[in-house]
Engineer: 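Dropping a structure here in structure tokens format, bear with me for questions.
All figures in this text were calculated on a predicted structure; none of them were measured in a lab. Just the heavy atoms: all of them, side chains too, but no hydrogens, waters or symmetry mates, feed the values below.
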Amino acid sequence: MVWVSAAAFGVAWWLGLYLLARDPRKPLLRRAAVGLLVYAAAVVIDRLAGSSPWFDGVRIVLVCAPVLAFSGVFVRLLPARAVERVDRVWRVGLIPLCALLAMPAAGGFLPAGYLLGALTLLALLGTMLGMLGQHAEWSEDSRRSAAGLLTVGALLLGLSAALILLGLNVLPRTAMLSVLAADLVVLGLGIAVVDAYDEGEALRAGMIHSLVISAATAAVFGGQAALALALAGERPALVSLLFGAIAAAITLQVLNSPLQAGADRLAFASDPHLFAARVEMRSATEALLRKGGALLRKGGE
């Protein structure tokens with residue numbers, strides 16, 4: 001089942017970085033990215049820890065963290081009149097309370113973990129219901145599909161997280177975590193649609209381009225570790241190598257533009273005009289992927 005875990009990890013890691021790379025200054029994207037990336041880390045830790053008793057409390061915390069993050073995402077999607085007030089309660093009230101509960105839960109005090117789970121699930125459900133107030137505004141534009149994705153994703157995420165927290169063995173543990181990945185991906189796609197609409201951008205071409213290149217790169221680099229696993233058996237060092245290779249390959253692809261900008265800043269420090277020209281070329285390429293059809297039509301007029 002290591003292959004299932006690797007696939008779930010790769011998709012969550014890619015989508016988390018993709019949302020973060022869109023604009024890390026936006027709380028909406030930042031919180032969604034944190035939820036996906038924490039989940040990806042949970043998959044790796046769960047795979048390495050196996051069925052160790054000491055990991056039960058840590059598992060609860062790692063399952064609750066994405067739920068808490070996406071409750072914060074829904075806070076940013078509440079009707080405008082309530083966003084700032086509820087967001088302040090979420091930041092200065094709910095997060096510190098969850099952090100206080102997470103410490104004893106991670107240490108093995110399971111009642112604190114169950115209370116943490118109940119609190120985060122209630123926060124997710126409450127903020128999702130509040131977001132439904134936006135349906136009237138979203139009913140006549142492309143965000144209507146995003147509202148459906150977010151609602152379904154939140155309900156499935158809450159159900160999957162509850163099953164894991166209650167220890168109900170509906171499916172094997174690895175399979176349950178993989179189902180959680182599907183729920184988070186649905187939520188992530190909904191957030192990407194909302195942000196693309198707000199920015200007036202086309203989403204499909206740029207997202208598919210990023211996914212295809214990231215998947216191909218991860219297959220090339222991760223495939224070597226996978227071959228070693230197939231030949232030598234599942235060992236912690238090889239499992240770590242597999243996940244590390246996948247994470248590195250996807251990170252280099254998704255964050256290619258800021259990494260290139262940092263390298264150019266060092267390499268062309270003595271030639272600011274060349275550095276500015278390269279920045280402009282990269283910006284034009286990204287704009288073509290995000291707003292390609294509109295830009296081409298505008299250029300042809």
Side-chain angles (χ1 to χ4, degrees), residues 8 11-24 26-40 63-87 89-91 94-95 117 119-164 177-204 206-208 210-211:
V11 173
W13 190 260
W14 163 74
L15 187 53
L17 289 178
Y18 177 82
L19 292 175
L20 191 64
R22 284 188 64 86
D23 191 347
K26 291 185 176 181
L28 181 72
L29 297 178
R30 194 167 59 243
R31 292 173 186 178
V34 167
L36 285 158
L37 294 175
V38 169
Y39 164 78
V63 169
C64 291
V67 178
L68 177 62
F70 273 96
S71 71
V73 168
F74 283 122
V75 167
R76 302 303 303 182
L77 296 174
L78 292 174
R81 63 183 181 277
V83 169
E84 293 304 323
R85 183 176 67 255
V86 179
D87 190 66
V89 172
W90 185 84
R91 285 185 289 106
L94 184 60
I95 288 183
L119 188 61
T120 55
L121 288 172
L122 286 174
L124 179 70
L125 179 62
T127 52
M128 182 205 70
L129 292 175
M131 182 210 67
L132 295 180
Q134 293 286 67
H135 274 207
E137 299 179 17
W138 292 4
S139 59
E140 297 181 358
D141 57 47
S142 63
R143 290 179 296 180
R144 180 173 53 187
S145 60
L149 286 173
L150 292 171
T151 303
V152 171
L155 292 173
L156 292 176
L157 174 62
L159 176 61
S160 299
L163 290 175
I164 294 174
L177 280 174
S178 300
V179 170
L180 198 64
D183 305 337
L184 290 170
V185 166
V186 169
L187 286 170
L189 290 174
I191 296 302
V193 170
V194 170
D195 183 66
Y197 178 85
D198 290 342
E199 296 294 329
E201 297 174 352
L203 179 68
R204 184 178 302 173
M207 178 172 273
I208 292 176
S210 177
L211 176 60

Engineer: Output every pair passing side chain to side chain donor-acceptor pair (under 3.5 Å) with a member in residues 182-191, not counting sequence neighbours, ordered by first then second residue.
Structural biologist: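 For residues 182-191: S160-D183.
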Engineer: Specify the closest pair of heavy atoms between A33 and G16, including all atoms of both residues, with the distance to one decimal.
Structural biologist: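 Scanning both residues, the minimum pair turns out to be CB-O, 3.2 Å.
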Engineer: When rounded to the nearest 0.5 angstrom, what is the spacing between CG in L36 and CH2 in W13?
Structural biologist: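 With rounding to 0.5 Å, CG (L36) is 11.0 Å from CH2 (W13).
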Engineer: What distance separates L189 CG from L184 CG, expressed to the nearest 0.5 Å?
Structural biologist: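 Between L189 CG and L184 CG, I get 11.0 Å after rounding to 0.5 Å.
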Engineer: Rounded to the nearest 0.5 Å, what separation is found between the CG atom of L28 and the CG atom of D23?
Structural biologist: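 L28 atom CG to D23 atom CG measures 10.5 Å (nearest 0.5 Å).
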Engineer: Just do the side-chain contact (heavy atoms from CB on, under 4.5 Å) check on L94 and L119 with the steps written out, would you?
Structural biologist: CA-CA 9 Å; L94 184 60; L119 188 61; 3.8 Å; yes
Engineer: Identify the heavy atoms of F74 and L150 that sit nearest to each other, and give their distance.
Structural biologist: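 Distance-wise, the nearest heavy atoms are CZ-O, 3.6 Å.
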Engineer: Nearest 0.5 Å, what's the CD1-OG distance between I95 and S71?
Structural biologist: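 Here the rounded value is 8.0 Å.
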Engineer: Could you pull out the closest heavy-atom pair between Y18 and G206, with the gap in Å?
Structural biologist: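 Taking every non-hydrogen atom into account, OH-C, 4.2 Å.
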Engineer: Can you check side-chain contact (heavy atoms from CB on, under 4.5 Å) on L77 and I191, steps first, answer last?
Structural biologist: CA-CA 10 Å; L77 296 174; I191 296 302; 4.1 Å; yes
Engineer: On a heavy-atom basis, which atom in A161 and which in V67 lie closest, and how many Å separate them?
Structural biologist: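 Between these two residues, the closest heavy atoms are CB-CG2, 3.9 Å.
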Engineer: Determine whether L157 and L187 satisfy the following criterion, side-chain contact (heavy atoms from CB on, under 4.5 Å), listing intermediate values before the conclusion.
Structural biologist: CA-CA 9 Å; L157 174 62; L187 286 170; 3.6 Å; yes
Engineer: Determine, step by step, whether V75 and R91 satisfy the side-chain contact (heavy atoms from CB on, under 4.5 Å) criterion, reporting the C-alpha distance in whole Å, the side-chain angles of both residues, the deciding distance to 0.1 Å, and the verdict.
Structural biologist: CA-CA 10 Å; V75 167; R91 285 185 289 106; over 6 Å; no
Engineer: Who passes side-chain hydrogen bond (donor to acceptor under 3.5 Å, both in side chains) against S210, sequence neighbours left out?
Structural biologist: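 Expected list: W14.
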Engineer: If you measure from the Lys or Arg side-chain nitrogens to the Asp or Glu carboxylate oxygens, is any gap between R31 and D87 under 4.0 Å?
Structural biologist: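 A salt bridge links R31 with D87.
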Engineer: Any chance you could measure F70, atom CZ, to T120, atom OG1, to the nearest 0.5 Å?
Structural biologist: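 Those atoms lie 13.5 Å apart.
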Engineer: Between A192 and M207, what is the shortest heavy-atom contact and its length?
Structural biologist: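 So the two residues come closest at CB-CE, 3.7 Å.
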Engineer: Locate the shortest heavy-atom distance separating L78 from V83; write the atom from each residue and the value.
Structural biologist: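 Heavy atoms only, the tightest pair is O-CG2, 3.1 Å.
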Engineer: If you measure from CG on D195 to NZ on K26, what distance do you get to the nearest 0.5 Å?
Structural biologist: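 Between D195 CG and K26 NZ, I get 3.5 Å after rounding to 0.5 Å.
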